[in-house]
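Below you'll find the structure, written out as structure tokens, and then a few comments.
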Amino acid sequence: MPRTRIEIPDEIEHFSILDQEGNLDSGLEPNIADETLLQLYHYMLLGRRFDERLLSLQRQGRVGTFAPISGQEASQLGTAAVLRPSDWLVPAFRETAAELWRGRTMESVMLYFNGYSEGVEIPDERNDFPISVPVGSQILHAVGIAWASQYRGKDDVAMAFFGDGATSQGDFHEGLNFAGVFRIPVIFVCQNNQWAISLPRKKQTRSETLAQKAIAYGIKGIQVDGNDVLAVYAAASEAAQRARAGDGATFIECVTYRLSVHTTADDPKRYRTDEEVELWQQRDPIKRFQKYLVTKGLLSEEKVAAAETAVKEEIQAAVDRAEEQMKNPGDPLYMFEHAYAQMPPHLVEQKEYLARALSSQKKG
Amino acid sequence: MPRTRIEIPDEIEHFSILDQEGNLDSGLEPNIADETLLQLYHYMLLGRRFDERLLSLQRQGRVGTFAPISGQEASQLGTAAVLRPSDWLVPAFRETAAELWRGRTMESVMLYFNGYSEGVEIPDERNDFPISVPVGSQILHAVGIAWASQYRGKDDVAMAFFGDGATSQGDFHEGLNFAGVFRIPVIFVCQNNQWAISLPRKKQTRSETLAQKAIAYGIKGIQVDGNDVLAVYAAASEAAQRARAGDGATFIECVTYRLSVHTTADDPKRYRTDEEVELWQQRDPIKRFQKYLVTKGLLSEEKVAAAETAVKEEIQAAVDRAEEQMKNPGDPLYMFEHAYAQMPPHLVEQKEYLARALSSQKKG
Amino acid sequence: MPKMTMVQALNLALRQEMDKDDRVIVLGEDVGLDGGVFRVTDGLYQQFSDKRVVDTPLAESAIVGMSIGMAAYGLRPVCEIQFSGFSYQAFHQLENHAARLRWRSRGRFSVPMVMRTPCSGGVRALEHHSESREAYYAHTPGLKMVIPSGPRNARALLVSAIRDPDPVIFYEPKSLYRAFREEVPEEEEAIPIGTSQLAREGSDVTLISYGSMMRPTLEAASLLKEKDGIEAEVVDLLTISPLDDSLFTASVRKTGRAVIVHEAPRSFGPGAEIVSKIMEKSFYYLEAPIARVTGFDVVVPLFNRENAYLPNADRILRETRQVLAA
Amino acid sequence: MPKMTMVQALNLALRQEMDKDDRVIVLGEDVGLDGGVFRVTDGLYQQFSDKRVVDTPLAESAIVGMSIGMAAYGLRPVCEIQFSGFSYQAFHQLENHAARLRWRSRGRFSVPMVMRTPCSGGVRALEHHSESREAYYAHTPGLKMVIPSGPRNARALLVSAIRDPDPVIFYEPKSLYRAFREEVPEEEEAIPIGTSQLAREGSDVTLISYGSMMRPTLEAASLLKEKDGIEAEVVDLLTISPLDDSLFTASVRKTGRAVIVHEAPRSFGPGAEIVSKIMEKSFYYLEAPIARVTGFDVVVPLFNRENAYLPNADRILRETRQVLAA
Ligand SMILES: Cc1ncc(C[n+]2csc(CCOP(=O)(O)OP(=O)(O)O)c2C)c(N)n1
Ligand SMILES: Cc1ncc(C[n+]2csc(CCOP(=O)(O)OP(=O)(O)O)c2C)c(N)n1
Ligand SMILES: [Mg+2]
Ligand SMILES: [Mg+2]
């Protein structure tokens, strides 16, 4: 009794199914329909190619500042894929692949990153939150949503995304603690991509893993190989089951890597080596998954080429539509809409004032 | 490799030396000078009796709202006693016993709780922060102080106090994380007194212990019997050594109990049972320590009686001095002092305005 | 009609709205079993259970952030921040999200939440328990900011706040909680948010105030009548943002003189916006400079010397006389 | 004298102060190896090592809270909040502590820290990257609030902010970071905090502005001269709090007319306090109502439509003409 070790009841696990070469630990192969596997592959490829296209458009001045996702496709899609349409996705700002999976259009993404408010439109049938720029803050919204779902007797879950950097924020702590206390059906997906702009994961926190932070909240914590879409899918499925069954929240650390810049305003050469990037390129989640699908007989060289072509065309069509739409400069007076449900008198005054100012400006 | 348990390197320990009856686990008895033991006893008694006196004064309208400490004397003194004068104490709002140990006068405490700004005066030679009311916020100040101490090449440490409720705040998380990352010589003392106003510890967080929250930050965590002053002292000594040696921060959870009201505005009958309070009265830290000191031959019945008398007189003298001092209503214009190092023009204007207003008020 | 304190009147509003609408959820620190540290939520836990009256861990950002999620889902959370001095812990959730979610989703999501919080001084409280910082919220586009001045309007405003489709910061001047009673009808009563009220008619000078300062302002108005034979018109703003300038504009155009009274610090405070509105809309009607009677630009003193900080009838009287003499 | 951008000028101030005074510590997200996302701290890490240029984890409250402790110990922390839209995460640390510690300890401890943060719009940035909320800080007793308008005064103000014995919020209008260059002397230069400057002399109307709005304001003044033959006097506030009203009071008493320009939302914004100061001190000199040209009370639009939000020379000109015509 006097000086004793305290047993930590919830153990933290590490999870991986495909190794770096795409070889399978067959005992763990999750039961995923072939169709879903191919869909996952499609969206991983789409996510990657769209990212590359956005980057090249940005370099030409045809897209504003944005946060690329290359390297994180498995983390985003393995998780989002376990959601049902009625579930809620609560993204940070680097989840384009997950958002596309959920039905957000590439046009919407382009409009948003070109500073058009049309880009924040969300169709009624999709329960997905808009991008959240303030790091970590959205975690609490997912907690509130999931609480409400439970209150309404639904088994819909909320899935919050955030990065390794976000785990340092107070809101991360408060959100996971509330989720633990109220046994909330929420899934916390941390994309540990090793960097928060220039700060490496090791300097973000002294804890050995991020997953073990779950111990502080009495919730389930798991670390997965975030470049292994099967492992991510399996962990997320378990988490969704747990949540739907009323057994509370899960914190999933996806160990992955941001292969590209932080945002297009960033120069990673200032803080990390090419060798590190190359190392992680070898762990590419798409290559690895592709190999597995080939081995499984679901893909072939020709099918891969066809997929590439299809994705390219899909992207080109979206870019064309978006650029067409952006020819319409839109009405600047729109800024006064949606400030409140009903426009209060002072905004009516300001809107009228701006209308006058703009029309006199036009006149010269 | 595929599905493996992650080993948590830093183990969390529980620590106790004196049992509920005051019996000693002699293998663990810390090496504390007799003089220090008696001093600890004196301050525990003083803390308790002063608390009781403040409560009775408050009930008579002679003291304002305050937060009693009864039951938490061992947690406060076992920790504060390991500090050197040049170390920094960063209290919350329920550390009166620790503050008295550090040299704050009872008059100062009384003036403060009677709303006199004289009660926030801190002598130059004491490196102690004023009380911090916003729960958890002060933790970060201790981290900054300890960082600065290290930067200056000193081996002075900072000790931050807070309650079980404070562990839910974002600032707690951010503070412990920074302390881990920068290996800061700080000691976090959590007085887990089982309640945050009406919220019991079990509803504050689902984690089994508070101490295990240290795992999230890669710092040392320890849980001690907070009503056992020897265990508290031993844990705090280790923590201080660790900090001074450059080995970083420690999080100490002192398991204790608030025997009295949350503050004098609180009615605990609304949320907890008498039985629970009685149970903890049996674990009284003073009785237990007294028994140990008697067994050790340092105290006797007569000496206890003498100590009680001495403490009573000390308190009475302080109350008299404070009440004398409070006869001086003080200058309301003092509120403009110490807003800035130099009073800016707008405050000079406001001060002059108030001076005029007050003098015209006086005239009628 | 029963006579109620403001605490009881607020409790009535909560109870009735919860009764009518199962989307209404109360959450915060000690709001459940304990009934809130000021007892505003007293009895709700017993009546509606812990499903709808939620004692949360001690974390303001989480209380507000979770409310945002609940509101976006379609509920009507009414969260309590135990004292307004601790609402800054949640300020980023209010500014970054509560105020913006409707705008940021082009109307797809909204945040029909209320953040109730005891504000202002006058009850001999501890540090950080006496602030008046309504200007922070009033200056934040997307939020609404409401402050009642008595039991009856407190109840009627809280009802509107709960039903409001947008986030409302609801400041409760704690010095009014039990200061006096008013008749409060059992039947529904709601005051639209964004409307001020005439508290006293007059023609010589316009006094504009709200919240805890309405009582000394009305007291000053009585004294003006009694001692100087002056008829002061008194406007109670009730909502700080969106600010209803219709009544005070009409009044100032009539009287030509105005005095603004608030407890908040003077500089960059709510009074400045009212001065500006009068400047913009009624400049040519003004016969004297507008005066502001306010708290000072310092920390609210520890309570023994708090009285000198708070505007009182004497200071209001004094300033109004100067405005009248000008 | 070398010609510098504001980024270079700020960097110079930091470098020189760090060189002179080992109490000066730079901390924040990405301020070290990366040199800050706008490169304001570029090269400091290399020169002064990670002992004095500290890359922190991603937590604003901790950055500010830790700075408070460092400052109380006797250091001079200069922390960076990456964008002012994320300073609210630390708002409670500023309001509850940085602003009060001197007062709360009767002068025993003080908080000589600077919180630098890029503010305001105009650079086609993402959401939450374009706000101007200086009023929050200006309304907080105990803080100082400074906003430079060009490279040279930015450097001279930052030097003063670092040496100031009290906490200073230092807003850096990011649209000015690289917009133009000015000669900045290598030798020490400091502008006292709390002093405004005359940016242009004139006798017909007073334009009062600061920060990013100084350029369109001066442009409007040129246009007024050119097109209307009007001599506008222009005041650059530089410090928002404590507000120096001496220059604009003298100017308005001379011109009888005033226009205030800021990017911040209109209602309860900084302009309102300036209107009130003029009301209180210069009412009888006024020949026309004062106008405010400001941002609107809505979220700053996504960048493609941001220009309509920001005051520009045309709007300033238009409003000034109305003031002149009144
Ligand atoms: C509260 C807040 N602070 C700072 C920033 C600026 N910022 C944007 S992204 C980022 C790093 C985020 O790192 P991480 O959470 O690991 O996500 P990642 O970018 O790697 O996806 C920072 C500091 C922000 N957006 N919000
Ligand atoms: C940020 C903040 N929120 C709320 C409060 C109101 N409050 C004062 S003490 C307290 C409970 C504190 O509980 P704990 O941390 O366990 O300390 P204890 O009172 O038990 O010593 C609360 C909610 C506060 N002072 N600060
Ligand atoms: Mg990251
Ligand atoms: Mg407690």
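Residue numbers begin at 1 in each chain, while the letters A, B, ... track the order of the sequences. All values below were derived from every heavy atom in this structure, side-chain atoms included, with hydrogens, water molecules and symmetry-related copies excluded. The structure displayed is predicted, hence computed values, not measured ones.
Both the backbone and the side chain of B/Q169 come within contact range of chain A, each with at least one heavy atom under 4.5 Å from a heavy atom of that chain. No part of A/F178 comes within reach of chain B, as not one of its non-hydrogen atoms sits under 4.5 angstrom from that chain. Of the atoms belonging to B/T209, it is side-chain heavy atoms, and not backbone ones, that fall under 4.5 Å from chain A.
Taking B/A179, B/S207, B/G248, B/A231 one by one and counting their heavy-atom pairs under 4.5 Å with chain A, the maximum is reached by B/S207. Between chain A and the options B/A216, B/G175, B/A234, the largest number of non-hydrogen pairs under 4.5 Å is found for B/A216. Most heavy-atom pairs under 4.5 Å with chain B, from the set A/R206, A/E174, A/E7, A/K213: that is A/R206.
In this structure, A/E13 pairs ionically with B/R3, as a charged nitrogen and a carboxylate oxygen lie closer than 4.0 Å.
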Evaluate A/F289 against A/M44 for side-chain contact (heavy atoms from CB on, under 4.5 Å), listing each step before the verdict. CA-CA 9 Å; A/F289 188 42; A/M44 285 171 74; 3.6 Å; yes
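In this structure, B/F172 has its ring center under 6.0 Å from that of B/F251. Between A/Y292 and A/Y41, the ring center distance fails the sub-6.0 Å criterion.
Judged by distance alone, with hydrogens and angles left aside, the side-chain atoms of A/E208 form no donor-acceptor pair with the main-chain N or O of B/I8 at under 3.5 Å.
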